[in-house]
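Here is the structure we will look at.
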Amino acid sequence: MSERDDRLQHLEALRRLDVEPFGNRFDGASSIGSVVAGYGSETEGKTATVAGRITAHRSFGKAAFLDLRDWTGKVQVYVKKDAVGEAVHAWFQHVGIGDVLAATGTLGKTKTGEITLFATSLTLLTKALRPLPEKWHGLKDPEIRTRRRYLDLIANPEVQQKFLKRARALMGIRRFLDARGYVEVETPMMQAVAGGAAARPFITHHHALDRDLYLRIALEIPLKKLMVGGLERVYEIGRVFRNEGIDTQHNPEFTMLELYHAYGDLRTMMDLVEALVANVAQEITGTAKLPFGERTVDVTPPWPRRDYFELIKTHADLDPSDEDALRAKLQDRRVETAGLTRIDLLDKVFGEYVEPHLVDATYVCNQPLEMTPLCREHRERPGLADRFEAYAGCMEIANAYTELNDPLEQRKRLVRQMKAAGDEMVREGRIDEDFLTALEHGMPPAGGLGIGIDRLLMIVTNSASIREVILFPMLRDES
RNA sequence: GAGGGCGUAGCUCAGUGGUAGAGCAACGGUCUUUUAAACCGUGGGCCGUGGGUUCAAUCCCCACCGCCCUCACCA
C-alpha cells in the first residue's frame, strides 16, 4: 500500500465525517510572519487566524503540535482535544504533513518559550494526496528540485525567498526606471527577422500565414524603431530565446532588460546602470558588497572604467595586436584556435585571462568595433566601439552602446557582419529592411543598454547557477 | 558535441557476484506542552531502461535515457 493509498483513505474518512477535503475561499487569515513578528504583551492572549501548509506534526493522541508555514513564515499550532472539541478532533486525526489548514486560536508561548497559536477551531483547506520530501535533509536532488519546483519551494524555504527576491528586484527596477522617466513597452517575441544579436534563433511556424517566424534573440531592433517614433526613453523587460548550449550561466530562454535614451550616449548609460544595480543590491540585500560564493562582489558606484586592450595586455601579458602571441596564450590553456579571426582570438583571450579577475563591478570599454554592428564608432579612436560591458562576479551582466544612427553606415555594417557569419546567418538572420528604413527617417542620438536580469539576480541572490534564479529552467523530457 | 561523476523505498543515503538496508515520511498502538517528540509494532522496492557475461547480476561489461561537473558552443 503506497502512501498515496493511505492518504486516499484519509480522504474518504474525512468525507464520511462530512469534512470537505478540498476547501473553498478562506478569508481572514493573517500572514504568519506578521503574527510572529508582532507578538508581544499586547497580542499575547489575543485571537488570531492563520492558514498554511503543515510541515511538521508532533502528535500525542489527544493533543498535537503542528508547524504551519505560509510564504511569510512558520508558526507552531497547538491542537488540544479539549480546546477544539470532539468533532474537530475526530477529523483532525486524518490531517497530516503536507495538508493545507487554517487555524484560529489564542496566541501565547509554550513552556519552552515558542510562540504558539493555541487552536480553538480548525478548517481543512486542502488534503494532500502525496507526501512531502523529508523534513530534516530537505529536498536535495537537483533534478527533482528543478523538474518539480513546487516541491523545492515547499521543502526549501530559502528557495521560495529567493524567488520572492527576484519578484521584488523586478519591481524595484521598474520603479527605478519609471522614476527617471522611462516608459515600459512590449514588442513582438515572434519576428520575421531575429535581429539585434548574433545568436541562433528558435524557429516556429504560423499556420494561418503559412510562414516561419523566429523567436526574438534581443529586444534592440524594435526598441530603436520606437526611438525613431519619438518614444524618447523606453525599456522592455522580457524573455529572449537563444538556441544554444545550456550551462550554469545560460538558459535557452532568459530575461533581458533593454533600455534606450534619446539624446544620451554611453556616459548616460554608465551613470544609470551603476545606480540601478547598486539600488537593486541595496533593496534586496541591504548592502552593495554582495557575498557571492567564496568572494564578495562590490557594486558600489562609481565603477572603475577599464580599457579592453589594456586589460588583455595586463592579465594575458602580451601585445594584443600580436596574433601569434594571442594564439600561443590560448594554446597554453588548450583552447582550440584553428580558424579563429583576430577578433575571436581577442574575445577568447579576454574570456580566459581577464574575466576571472573581474569580481567587483567593472566597466570594460573600447572594444573593437567589429564585434558590435549596431554600435557607434568611438569618436576619437577609429576602429573601436563606443561601448562598455559591465562585469561583476566574473560574468558579463550588462552591455551598452552609444547607438549607431547613421542608416547608411548601419547597412554596411550589417551586410559585413552577415557575410562574415556565413551562409547559416544569411539564411536565419536576414537584414531587417524596415529597421534601416526607420533609421533613414532619423533616430536621435541615443544611449542603449542591455542587462542580463538572470545573471544580475545570480549575484544579488548569491546563486552559483542560473537555474537557481529561473523557476522552470530548460530540462530534457523525463525518461 | 567531448570527457568525468551519479541514478537503490515518497525524501536523504548505506550496501553486496548468492532475490536489499537505515533514518525521516506512512500505517496501527501508548501518550493532553512537543519541537528531528519518545517508545512498541507493521507495510513499502522492475536497485533508471534494454542487452550481455555468469549456475546466479542491484553489483561486472555494452548500449540507451536522465541529472550534475568540466570543456566546447555562446554579443
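Per chain, numbering begins at 1; letters A, B, ... match sequence-line order. Remember, predicted model here, so these are calculated numbers, not experimental data.
To the nearest angstrom, C1' of B:C6 lies 15 Å from NZ of A:K140. Distance CD1 (A:I144) to C1' (B:C11): 8 Å, rounded to an integer number of Å. At whole-Å resolution of the value, CZ in A:R58 and P in B:A36 are 8 Å apart. With rounding to whole Å, A:K127 atom NZ is found 11 Å from B:A26 atom C1'. Atom-to-atom, CG of A:L139 to P of B:C24 comes out at 19 Å; the value is rounded to the nearest Å. Rounded to an integer number of Å, the gap from CZ of A:F65 to C1' of B:U34 is 4 Å. At whole-Å resolution of the value, OH in A:Y150 and C1' in B:G10 are 12 Å apart. Atom CG of A:L153 and atom P of B:C11 are 17 Å apart (whole Å).
Listed pair A:H10 / B:C27 meets the phosphate criterion, a side-chain N or O lying under 4.0 Å from OP1 or OP2.
Because its glycosidic torsion is within 90° of 0, B:U19 is reported here as syn.
Residue pairs meeting the ring-ring contact (aromatic ring centres under 6.0 Å, His included) criterion with at least one partner in residues 109-132 of chain A, sequence neighbours excluded, are A:Y78-A:F118.
Looking at A:R381 and A:D307, a side-chain N of the basic residue comes within less than 4.0 Å of a carboxylate O on the acidic one, giving a salt bridge. Ion pairing of A:R267 with A:D265 is present here, as a side-chain N (NZ or NE/NH1/NH2) and a carboxylate O approach within less than 4.0 Å.
Scanning residues 79-92 of chain A for heavy-atom distances under 4.0 Å to RNA chain B yields A:K80, A:D82.
Atom CZ of A:R379 has 12 or fewer heavy atoms from other residues, nucleotides or ligands within 6.0 Å. Atom CD of A:E158 has more than 12 neighbouring heavy atoms from other residues, nucleotides or ligands inside a 6.0 Å radius.
A:Y308 and A:F350 have parallel rings, their planes meeting at less than 30° on a 0 to 90° scale where 60° marks the start of perpendicular. Ring orientation note: the planes of A:F388 and A:Y363 are nearly perpendicular, at an angle over 60° on the 30°/60° scale.
B:C64 and B:A26: their C1' atoms are spaced 35 Å apart (whole Å). The same atom, C1', is picked in B:G7 and in B:U12; the two are 14 Å apart, to the nearest Å. A gap of 24 Å separates the P atoms of B:G4 and B:C13, to the nearest Å. If you take atom C1' in B:G45 and the same atom in B:A38, they sit 29 Å apart, rounded to whole Å. Comparing B:U54 with B:U19, their C1' atoms are spaced 16 Å from each other, to the whole Å. Taking the P atoms as reference points, B:A37 lies 7 Å from B:A25, given to the whole Å. One C1' atom belongs to B:U16, the other to B:C74, and the distance between them is 45 Å to the nearest Å. Taking atom P on both nucleotides, B:G51 is separated from B:U58 by 12 Å, rounded to a whole Å.
Of the possible donor and acceptor atoms, none in the side chain of A:R145 sits under 3.5 Å from a partner among the backbone N and O of A:D152. With hydrogens and angles disregarded, no donor-acceptor distance shorter than 3.5 Å links the side chain of A:D67 to the backbone of A:T55. Panel note: side chain A:N251, backbone A:F254; no donor-acceptor pair is recorded below 3.5 Å.
Among B:U32, B:A26, B:A36, the nucleotide with an atom closest to any side-chain atom of A:K135 is B:A36.
Residues forming a salt bridge (Lys or Arg N to Asp or Glu O under 4.0 Å) with A:D434 (at least two apart in sequence, or on another chain): A:K225.
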Quick one, give me the B/S/- string for nucleotides 67-75 of chain B, reading 5' to 3', where B means a protein heavy atom under 4.0 Å from the base and S means that only happens at the primed atoms, P, OP1 or OP2. SSS--SBBB
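A donor-acceptor contact closer than 3.5 angstrom links the side chains of A:R455 and A:H250.
Taking for each of A:I97 and A:T116 the nucleotide of RNA chain B with the nearest heavy atom, the 5'-most of the two is the partner of A:I97.
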Can you give the donor-acceptor pairs under 3.5 Å from side chains of residues 120-131 of chain A to other protein atoms, not counting sequence neighbours?
unit_1: A:T120; atom_1: OG1; unit_2: A:T104; atom_2: O; d: 3.2
unit_1: A:K127; atom_1: NZ; unit_2: A:H94; atom_2: O; d: 2.8
unit_1: A:K127; atom_1: NZ; unit_2: A:D99; atom_2: OD2; d: 2.8

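A:Q76 comes within 4.0 angstrom of a nucleotide base, judged by non-hydrogen atoms across all strands.
Side-chain N/O atoms of A:E114 and base N/O atoms of B:U34 include no donor-acceptor pair closer than 3.5 Å.
Stem regions annotated for RNA chain B: B:1-7 with B:65-71, B:10-13 with B:21-24, B:26-30 with B:38-42, B:48-52 with B:60-64, counting only runs of 3 or more consecutive pairs of Watson-Crick or G-U type with both contacts under 3.5 Å.
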